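Taking it in order: structure first as C-alpha cells, then the write-up.
All values reported here derive from a predicted model rather than from experimental measurement. Side chains included, hydrogens not; waters and symmetry mates left out as well; all remaining heavy atoms used.
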Amino acid sequence: MFFRSYLGPVFAAIVPFLFFAFLRMNESLDPLVVLPKGHFYIVTCVALLGALFAITVGVAGSRLRNSKVKVLSLAFLSLAAAFAVHGLSTPNFLLHSTHLPGVAAQISIFLATFWLWLSSFPADHRWNEILSRGHRLLLPVWTVLLFSAGIVSMLFPHIADWIQVDSRPVNVLFTSTIILLNTITMYRYYRSYMYSQFPLQLSIVYSAGWLITSQLIMQLGESWRVSWWIYHFLLLASMIVMITGLYRQYALKQSLSDAIRALFTTDPIERITNCLSPSVKALIVATESKDRYTAGHNFRVALYALKLAEELRLRPEQLRAVAQGTIIHDIGKIQIPDSILNKPGKLTPDEREVIEKHTVRGYEMCKNLGFMKDELSIIRSHHERWDGSGYPDQLQGEQIPFMARVVAVADVYDALTSNRAYRTAWSHEEAISFLQKNSGTHFDPSCVEAWIQLCDRDPSVYQYPAMMIHEDSAMVSTGEGNVYKLES
C-alpha cells in the first residue's frame, strides 16, 4: 500500500508544508487569528494528554523490556512538558509578552527529535547501554528535570532571552540539526519496518517527518496567522500516530480477570506467555513456521531455561529476560534456506557455516527492534562453549554471558530429547549423561549441576514440557483466550 511505502511518510510531510507555502503566498487566505485563550487551552490539553501517554509508555517499556519504548516515552514527555510551557506562556494570558513561547516551542521539537533519534540506535549501541544501566530511574529523573525547568522558566520568563532562537546562527543551527536527526531517524526506522513490518516503526517514520515540517513552519511562519497554526496540529498528529502505532504493536487486550489471574498463575506455560508482547509472539510464529523439525523447540527450551534460572536464584527481572530471550533464541534461522535448515542428512562444512550464522543474524535483527542487553546476549551467545570452541565469538568460561550459559544447557537438552530428521530422540538419562560428560568443556559446570539436581528433585520439570508441547506443534496463548498454533 502507498502509505506503507517510503512515499507515504514523504507525502505526509511535504503536503502540509506545500499548504503552508500556498497560504503564505496568498495573504488574503492567511489572515491573523489571534486567540490567546484558544491557544492556551488547545496546547495545554495536548501537553497534558501527551504527558499521560508518556508515563503509560514508560511503564509499558519496563514491562515489555524494550529499550526503544522507554526512550520513546522520553520523547513524548519532552514534547509534552516543553509544549505545556509554550501554552502556559501564551502572550497576555498568564504572562506578558516574552520570548518564552517561541523558545519553549523550539525546545519541544528539539528534545522530541533528540530522543527519537536516540531511540533509532541499536540496543547494543554505547548510548543505549549507558541509559539501560539506570533505566528504572530514567523516566522519573527526566520528569523531575523537565518539571523543574518548566517552573523556573514560568517564574523567570526572561531567562528565555538568553536563547536567541530568532538570531540567524542559532536559527539555522536548530533547524539544520532537527532536519538531520529526523532524517536519520526516518531512514533507520523505515529500514527496520521493511524487515519486521511492526506498526510502531512506521508511526515513528511519520512522526519524524511531521517534526521536520513543524520546525520549518515555525521558522518561516508568522505568529497567529492561519498558516502558523498548522504546526500545532502537526505536533498533535505526531503524538496521535505514535500512540496508535504503540497500541497496535504492544497493547494486550486482556480482560481484568485475565490480568489478575496472570499475576498469580503457577502454570509454567502461562508464566511465559503472559510476559510476551504481540511482536515477540509474531517472531515466535515466524521462527517455528520456518523450521518444521524444531516446532515447539523454542518454547520447550524457554520452559527448561526458566526453571533452571529459578534454581540458580536469578532475580525476577532476570527471569523475564530469560523467558523473552530464550523463546526467540533461534530467530536468525528465518534467513537460512529451507534446503539447509531442513536437510535430513549430514551437513557439509559450507552448510554448517551458514547454519552457524543464525546467532549473529538473530542478534542483528533483534537489537534493531529494541531488545535489551540480556535478551541479546542469549540470542548471540547460546552456542558458545565453556572451553572457547563455540561460536560466533569463541568466548570462554565466564566471558560467556551467564544467561547464555543457562540457555545452552536447556537448548542442548531439548535438542537431544527431541526427534530429528537424522536421529530419534534420546532418553532423559542419555541426555543427562551427555551433559555430565561435557560439563567443563561445552557447558558451565554450575549450570549442569543445577539442572541435574533440579531434575532429580522434581521430574515434572522435564516431563511436563514433553507432555504439553508435542513435536508437531506448539501452543502460545495470546492473552485473549485464544492461541497461536505453530504448525510444523
Side-chain angles (χ1 to χ4, degrees), residues 65-68 121-125 188 191-198 201 272 276-277 279-302 304-305 321-343 347-385 389-395 400-401 403-412 414-415 418 420-421 442 474 476 484 486 488:
R65 286 190 57 83
N66 190 298
S67 61
K68 289 183 181 291
F121 283 105
D124 64 344
H125 190 274
R188 287 175 174 167
R191 284 189 61 189
S192 296
Y193 172 75
M194 289 300 294
Y195 186 85
S196 64
Q197 298 290 299
F198 285 170
Q201 295 167 334
I272 293 177
L276 301 179
S277 69
S279 56
V280 172
K281 291 175 183 176
L283 292 177
I284 299 169
V285 172
T287 306
E288 299 277 358
S289 300
K290 176 75 174 179
D291 185 359
R292 66 178 183 270
Y293 290 113
T294 57
H297 166 71
N298 289 340
F299 209 80
R300 288 192 302 273
V301 175
Y304 296 143
V322 167
Q324 293 223 105
T326 306
I327 206 163
I328 55 168
H329 71 284
D330 280 338
I331 185 63
K333 288 184 177 180
I334 289 177
Q335 300 180 14
I336 296 175
D338 291 344
S339 59
I340 297 177
L341 196 60
N342 297 318
K343 183 177 179 180
L347 297 175
T348 67
D350 289 342
E351 290 170 337
R352 171 57 60 184
E353 183 178 353
V354 171
I355 284 283
E356 291 182 356
K357 289 180 179 178
H358 80 274
T359 55
V360 174
R361 286 174 173 172
Y363 171 84
E364 293 294 331
M365 182 193 310
C366 290
K367 77 176 185 180
N368 289 319
L369 297 178
F371 285 83
M372 298 186 72
K373 186 176 181 180
D374 287 337
E375 287 89 333
L376 292 175
S377 71
I378 292 172
I379 295 168
R380 185 182 183 98
S381 302
H382 66 276
H383 281 296
E384 298 288 358
R385 297 191 176 198
S389 64
Y391 63 88
D393 303 307
Q394 291 77 52
L395 300 179
I400 306 170
M403 291 185 191
R405 287 181 256 158
V406 171
V407 173
V409 172
D411 188 32
V412 171
D414 183 72
S418 302
R420 295 298 178 90
H442 187 150
V476 181
Y484 288 119
L486 312 181
S488 62

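Counting only distance, with no hydrogens or angles, the side chain of S418 and the backbone of A415 share no donor-acceptor pair below 3.5 Å. A donor-acceptor pair under 3.5 Å is formed between the side chain of E384 and the backbone N or O of D393.
Remark: H383 pairs with H358, Y391 by the ring pair (Phe, Tyr, Trp, His ring centres under 6.0 Å) rule, at least two apart or across chains. In this structure R361 satisfies the side-chain hydrogen bond (donor to acceptor under 3.5 Å, both in side chains) test with no other residue, sequence neighbours excluded. Scored by the side chain to side chain contact (heavy atoms under 4.5 Å, CB included) test, R188 finds W117, S120, F121, I184 as partners (sequence neighbours excluded).
Between H297 and H329 the shortest side-chain heavy-atom distance falls below 4.5 Å. Residues E356 and P392 fail the side-chain proximity criterion, which asks for heavy atoms closer than 4.5 Å. You'll find the side chain of I378 stays beyond 4.5 Å of the side chain of E375, heavy atoms only. For the pair V409/R405, no side-chain contact is recorded, criterion being any heavy-atom separation below 4.5 Å from C-beta on.
Between D374 and A321, the shortest heavy-atom contact is CB-CB, 3.8 Å. Between S381 and I400 the shortest heavy-atom distance is O-CG2, 4.2 Å. Of all heavy-atom pairs spanning G362 and I331, the tightest one is CA-CG2, 3.6 Å. For the pair N298 and I327, the tightest heavy-atom approach, listed with the atom from each and the gap, is CB-O, 3.3 Å. Contact between H382 and A408 at its shortest, heavy atoms only, is O-CB, 3.6 Å. Closest of all the heavy-atom pairs between Y304 and D414 is CE1-OD1, 3.6 Å.
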Go through I355 and R352 one step at a time and tell me if the side-chain contact (heavy atoms from CB on, under 4.5 Å) criterion holds. CA-CA 5 Å; I355 284 283; R352 171 57 60 184; 3.9 Å; yes
Between Q324 and I328, is the side-chain contact (heavy atoms from CB on, under 4.5 Å) condition met? List the steps. CA-CA 7 Å; Q324 293 223 105; I328 55 168; over 6 Å; no
